Amino acid sequence: MQLKLTVPFNLDLSVSCGQSFRWRKINGFWYAPVGDSVWKVKQEGDTLFYEGASDADIIRYFGLDIPLDDILQDIDRDELIHSAVASCRGLRLHRQPPFECLISYICATCANIPGIQLRVENLAKMYGRELKSDGMTFYTFPNPEDLACESPENVRLCKVGYRDKYICGAAAYAAENPQWAADIFSMSYADAKRELTSLSGVGQKVADCVLLFAFEKYEAVPIDVWMERIFRTRYLGSEKKLSYEKAAGYAREHFGRYAGYAQEYLFAEREILAKKGE
DNA sequence: AGTGGACCTGCGTA
DNA sequence: CTACGCAGGTCCA
């Protein structure tokens with residue numbers, strides 16, 4: 001199937017910028033298990049070619065229905081973001097499956113992106129279902145029930161380390177409250193964040209990632225070590241480390257209601273914006 | 001409200 | 001080859 005794009009979109013950047021962890025580029029196509037099937041996607045100019053997903057799936061997952069031009073125009077409020085927008089135009093936030101997103105970011109603490117990918121892949125291999133595509137094997141991300149009945153000791157065999165009990169706890173929460181994701185969708189940002197951070201292993205940063213990447217809460221501004229450094233050195237010129245609230249609060253004040261989108265564009269340019277040692 | 005140490009694991013570097 | 005440092009934080013004192 002194919003789709004003619006009438007809106008800005010950069011597939012390569014969107015799937016490789018670190019918001020999601022299961023996309024792999026093989027022979028020019030991006031593959032990932034999404035939901036119950038393997039998606040295979042390629043972009044050539046303004047045409048998207050894909051298999052394994054419907055038009056509606058593609059539009060929804062990649063957020064092609066979101067008015068990106070309006071958002072970029074809205075957040076374009078200083079020189080740094082202006083250049084990030086110029087370099088990364090077409091980067092779109094995905095709408096990730098909520099449970100997978102939650103567990104993935106629980107796995108993201110004290111790890112780099114390859115390390116996160118490894119842990120998520122291990123969980124899928126151990127507890128997901130096998131899928132074949134073009135002779136390759138993929139694994140669905142496990143359902144909450146698949147993980148909820150496991151002991152932390154077993155889950156730890158997926159090399160998730162101290163996160164084992166957090167993963168089991170989050171799985172139990174999702175399994176016992178099947179409507180959890182619908183509930184969070186309907187909540188305000190503040191209420192949704194309070195709900196997520198009540199889970200053990202989910203602090204402000206993880207909650208904001210999940211709210212931004214799975215629940216369309218654009219007020220969520222995940223502050224990791226990179227973003228703290230960028231806001232401290234490039235925006236506030238502060239000497240001492242910024243508290244989470246200070247950095248995120250500044251971002252919302254400065255960038256407005258799409259501050260989360262601004263964060264993602266700055267994050268994509270982190271190597272350039274945050275020189276080591278500053 | 002704010003600070004400091006412990007915590008799994010994999011990977012890069014000495 | 002082994003040792004150590006560090007990486008998309010969170011929890012607990």
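Small disclaimer: the values here were computed from a predicted structure and weren't measured. Labels below follow one simple rule: chain letters A, B, ... track the order of the sequence lines, proteins then strands, and each chain is numbered from 1.
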Q: Base, backbone or nothing for each nucleotide of nucleotides 8-14 of chain B, written B, S, -, heavy atoms under 4.0 angstrom, 5' to 3'?
A: BBS----
Q: Report yes or no: does A:Ser133 contribute a side-chain atom to a donor-acceptor pair with the main-chain N or O of A:Met136 at less than 3.5 Å?
A: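 Looks like no, no N/O pair under 3.5 Å.
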Q: Supply the atom-to-atom distance A:Phe9 CZ to A:Phe62 CZ, rounded to the nearest 0.5 angstrom.
A: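 It is 5.0 Å, given to the nearest 0.5 Å.
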Q: When the P atoms of B:dA6 and C:dC4 are considered, how many whole Å apart are they?
A: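 Pairwise P distance, B:dA6 against C:dC4, rounds to 15 Å.
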Q: Going by side chain to side chain contact (heavy atoms under 4.5 Å, CB included), name the residues that satisfy it together with A:Ser104, two or more places apart in sequence or in a different chain.
A: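 Listed in chain order: A:Phe21, A:Glu100, A:Val120.
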Q: Quick test: give all pairs of protein nitrogen or oxygen and nucleotides 1-5 of chain B nitrogen or oxygen below 3.5 Å, distance rounded to 0.1 Å.
A:
none

Q: What distance, rounded to whole Å, do you find between the two P atoms, one in B:dC8 and one in C:dA13?
A: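 Nearest-Å result for B:dC8 against C:dA13 at atom P: 16 Å.
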Q: Specify the residues of residues 200-208 of chain A, ordered by number, for which at least one heavy atom lies under 4.0 angstrom from an atom of DNA chain B.
A: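 Heavy-atom cutoff 4.0 Å gives no residues at all.
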Q: Does a salt bridge link A:Asp146 with A:Arg129, judged by any charged N lying under 4.0 Å from a carboxylate O?
A: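 No.
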Q: Any base atoms under 4.0 Å from A:Gln19, or only sugar-phosphate, or nothing? Heavy atoms, all strands.
A: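 The residue A:Gln19 makes base contact.
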Q: Report the C-alpha distance between A:Tyr166 and A:Val202 in whole Å, list the side-chain angles of each, state the deciding distance to 0.1 Å, and finish with yes or no for side-chain contact (heavy atoms from CB on, under 4.5 Å).
A: CA-CA 8 Å; A:Tyr166 303 150; A:Val202 180; over 6 Å; no
Q: Are A:Tyr127 and A:Asn143 close enough that a side-chain donor and a side-chain acceptor fall under 3.5 Å?
A: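 A:Asn143 and A:Tyr127 do not have a side-chain donor-acceptor pair below 3.5 Å.
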Q: For the backbone of A:Arg92 and the side chain of A:Ser14, can you confirm whether one donor and one acceptor N or O come within less than 3.5 Å of each other?
A: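 Flag set: sc A:Ser14 to bb A:Arg92 pair under 3.5 Å.
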Q: Output the rounded distance in Å from CD1 (A:Ile113) to C1' (C:dC6).
A: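 Distance check: A:Ile113 CD1 to C:dC6 C1' gives 15 Å.
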Q: Could you tell me whether A:Tyr244 contacts a base, only the sugar-phosphate backbone, or nothing, with contacts defined as non-hydrogen atoms closer than 4.0 Å?
A: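 Here A:Tyr244 touches no strand at all.
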Q: When all nucleic acid strands are considered with a 4.0 Å heavy-atom cut-off, which category describes A:Tyr166: base, sugar-phosphate, or nothing?
A: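 A:Tyr166: backbone/sugar contact only, no base atoms under 4.0 Å.
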Q: Rounded to the nearest Å, what distance is computed from the OH atom of residue A:Tyr105 to the P atom of nucleotide C:dA7?
A: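 Interatomic distance, OH of A:Tyr105 to P of C:dA7: 18 Å.
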Q: Is the NZ or CZ atom of A:Lys217 both under 6.0 Å from the centre of the six-membered ring of A:Tyr189 and within 45° of that ring's axis?
A: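 A:Lys217 over A:Tyr189 ring: no.
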Q: Using a strict threshold of under 4.0 Å (side-chain N to carboxylate O), is an ion pair present between A:Asp65 and A:Arg60?
A: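 Not counted as a salt bridge, because no side-chain N and carboxylate O are separated by less than 4.0 Å.
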Q: Counting only heavy atoms from other residues, nucleotides and ligands, does the tally under 6.0 Å from NZ of A:Lys246 exceed 12?
A: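 Not buried by this count: 12 neighbours or fewer within 6.0 Å.
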Q: Which residues pass the side chain to side chain contact (heavy atoms under 4.5 Å, CB included) test with A:Ala259, sequence neighbours left out?
A: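 A:Ala259 satisfies side chain to side chain contact (heavy atoms under 4.5 Å, CB included) with A:Val221, A:Arg252, A:Phe255 once adjacent residues are dropped.
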Q: For the residue pair A:Trp180 and A:Phe99, categorise the inter-ring angle as parallel (less than 30°), tilted (30 to 60°) or perpendicular (more than 60°).
A: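 Plane angle over 60°, so perpendicular.
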Q: Examine distances only and state if a side-chain atom of A:Asp74 and a backbone atom of A:Asp70 form a donor-acceptor pair shorter than 3.5 Å.
A: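 Side chain of A:Asp74 to backbone of A:Asp70, a donor-acceptor pair under 3.5 Å: no, none is there.
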Q: Between A:Met227 (CE) and C:dA7 (P), how many Å, whole number?
A: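 After rounding, the gap between these two atoms is 17 Å.
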Q: Quickly work out the A:Leu102 CG to C:dG9 P distance and round it to whole Å.
A: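 My rounded result for the distance is 16 Å.
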Q: For A:Ile106, report the nucleic acid contact type (base, sugar-phosphate, nothing); a contact means any heavy atom under 4.0 Å.
A: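 Counting heavy atoms under 4.0 Å across all strands, no contact is made by A:Ile106.
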Q: Could you write out DNA chain C as a dot-bracket string, with dots for unpaired bases, | for bases paired across to another strand, and Watson-Crick or G-U pairs counted at under 3.5 Å?
A: .||||||.|||||
Q: Identify whether the distance between the nearest side-chain nitrogen and carboxylate oxygen of A:Asp208 and A:Lys205 falls below 4.0 Å.
A: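 So A:Asp208 does not pair with A:Lys205 through a salt bridge.
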